[in-house]
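Hydrogens, waters and symmetry mates are skipped; everything else that's a heavy atom, side chains included, is used.
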Amino acid sequence: MTTALWSFVLVVGLLTLTPGVDSALILRTAALGSRRRAWGVVLGIQTGTLLWGFLTSLGLTALLTASRLAYETLRWLGVAYLLWLGGRILWHSLRRTGTQVDNSAPQSAAEDDLLQGWRQGTLTNLLNPKMGVFYAAVLPQFIPAGAPHLATGVLLACVHILLGLIWSTALIGFARALRDWFQRPAARRLLDRITGTVLVAFGLRLAVAD
């Protein structure tokens with residue numbers, strides 16, 4: 001079990017450090033939004049990770065690899081969501097000129113910020129079929145023979161979550177340290193356009209993927 005655990009840490013550690021949609025969303029939210037909303041996004045992403053781990057341990061994510069219809073349905077939902085999210089960010093950045101403030105993020109109560117960030121992070125993670133396929137293909141390989149399947153699968157998912165929280169803490173700390181610079185109108189537009197482009201690019205990549 002110890003060998004399997006450390007091997008899993010290496011694999012998901014590399015996955016966590018790979019730049020992607022999750023990192024882009026966390027950086028933008030931490031730089032331009034509230035700290036609570038940024039942590040809401042993080043908690044939402046990790047909620048999705050836990051659900052993927054739980055579903056994989058039950059064998060349900062095998063449907064994504066066995067059923068073309070299930071995979072395609074989730075894939076196109078993910079494509080639509082990423083294109084909508086990225087396009088919305090790009091649209092607001094292109095409309096914003098001079099010292100005009102960013103109104104794309106809701107200016108609500110702290111609790112609402114946390115909830116909205118959580119919802120955004122959860123949807124982003126759960127509508128990514130690649131995440132489900134990754135867990136379906138990789139997670140069972142690290143569950144030792146004879147170990148309780150569900151408990152071990154959830155434990156490994158929690159390890160992934162822990163690594164994700166550590167990395168997210170670093171991302172949020174970096175973004176908050178540069179927050180004053182990111183609040184400048186030109187820097188805000190630049191960050192929005194980079195983030196929006198990344199999201200749209202991932203959406204298009206997912207659309208053309210087999």
Exercise for review: Go through the steps to decide whether Leu15 and His160 satisfy the test side chain to side chain contact (heavy atoms under 4.5 Å, CB included), and finish with yes or no.
Suggested key: CA-CA 9 Å; Leu15 177 66; His160 191 183; 4.0 Å; yes
Check your understanding: Going through the distances and angles, do Leu139 and Phe134 end up as a side chain to side chain contact (heavy atoms under 4.5 Å, CB included)?
Key -> CA-CA 8 Å; Leu139 192 67; Phe134 172 82; over 6 Å; no
Practice item. Before giving the answer on side chain to side chain contact (heavy atoms under 4.5 Å, CB included), spell out for Leu85 and Gln120 the whole-Å C-alpha distance, their side-chain angles and the decisive distance to 0.1 Å. Key: CA-CA 9 Å; Leu85 187 60; Gln120 187 179 63; 3.4 Å; yes
Practice item. Check the pair Val21, Asn128 against side chain to side chain contact (heavy atoms under 4.5 Å, CB included), reporting the backbone distance first and the verdict last. Key: CA-CA 10 Å; Val21 174; Asn128 181 5; over 6 Å; no
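For the atom pair Thr49 OG1 and Asn125 CG, the distance stands at 4.5 Å (nearest 0.5 Å). In this structure, Leu90 CG and Leu83 CG are separated by 10.5 Å, a value rounded to the nearest 0.5 Å. Between the CZ atom of Phe202 and the CG atom of Asp22 there is a distance of 9.0 Å, given to the nearest 0.5 Å. Arg188 contributes atom CZ, which lies 12.0 Å from atom CH2 of Trp181 (distance to the nearest 0.5 angstrom). From Thr122, atom OG1 reaches atom CD of Gln46 across 10.0 Å, with rounding to the nearest 0.5 Å. Atom CD1 of Ile194 and atom CZ of Arg189 lie 13.0 Å apart (nearest 0.5 Å).
Taking each heavy atom of Arg75 and Leu206 in turn, the nearest pair found is NH1-O, 2.8 Å. Of all heavy-atom pairs between Ala30 and Ala175, the closest is CB-CB, 3.6 Å. When every heavy atom of Ala147 is checked against every heavy atom of Thr152, the shortest pair comes out as CB-OG1, 3.5 Å. Residues Val154 and Ser57 come closest through the heavy atom pair N-OG, 3.7 Å. Scanning all heavy atoms of the two residues, the minimum distance from Asp192 to Ile89 falls at O-CG2, 3.3 Å. Here the closest non-hydrogen pair linking Cys158 and Leu50 is SG-CD1, 4.3 Å.
Within the 4.5 Å cutoff, the side chain of Phe174 has no heavy atoms near those of the Arg179 side chain. Counting heavy atoms from C-beta on, the side chains of Arg193 and Leu94 come closer than 4.5 Å. The shortest side-chain heavy-atom distance between Leu25 and Leu199 falls under the 4.5 Å cut-off. With a 4.5 Å cut-off on side-chain heavy atoms, Arg28 and Phe182 do not count as touching. At least one side-chain heavy atom of Ser7 sits less than 4.5 Å from a side-chain heavy atom of Thr3. In this structure the side chain of Trp167 never reaches within 4.5 angstrom of the side chain of Ile172, judged on heavy atoms. Leu5 places a side-chain heavy atom less than 4.5 Å from the side chain of Leu156.
Under the side-chain hydrogen bond (donor to acceptor under 3.5 Å, both in side chains) criterion, Ser23 pairs with no residue at all, not counting sequence neighbours. By the side-chain hydrogen bond (donor to acceptor under 3.5 Å, both in side chains) test, Thr56 is found to be paired with Thr61, residues two or more places apart in sequence or in another chain being considered.
Between the side chain of Gln141 and the backbone N or O of Ala4, no donor-acceptor pair lies under 3.5 Å.
Leu17 and Val11 fall within a single hydrophobic cluster, where Ile, Leu, Val, Met, Phe, Trp and Tyr side chains are chained together by heavy-atom contacts under 4.5 Å. One hydrophobic cluster, built from ILVMFWY side chains closer than 4.5 Å, cannot hold both Val9 and Ile166; they sit in different ones. Hydrophobic clustering keeps Leu155 apart from Leu162 (ILVMFWY residues linked when any side-chain heavy atoms are closer than 4.5 Å, directly or through intermediates).
Of the residues Leu43, Val41, Val42, the one that meets the side chain to side chain contact (heavy atoms under 4.5 Å, CB included) test with Ile45 is Val41.
The neighbour count for Arg176 CZ, taken as heavy atoms of other residues, nucleotides or ligands under 6.0 Å away, is above 12.
For residues 5-61, the pairs satisfying ring-ring contact (aromatic ring centres under 6.0 Å, His included) are Phe8-Phe142, with sequence neighbours left out.
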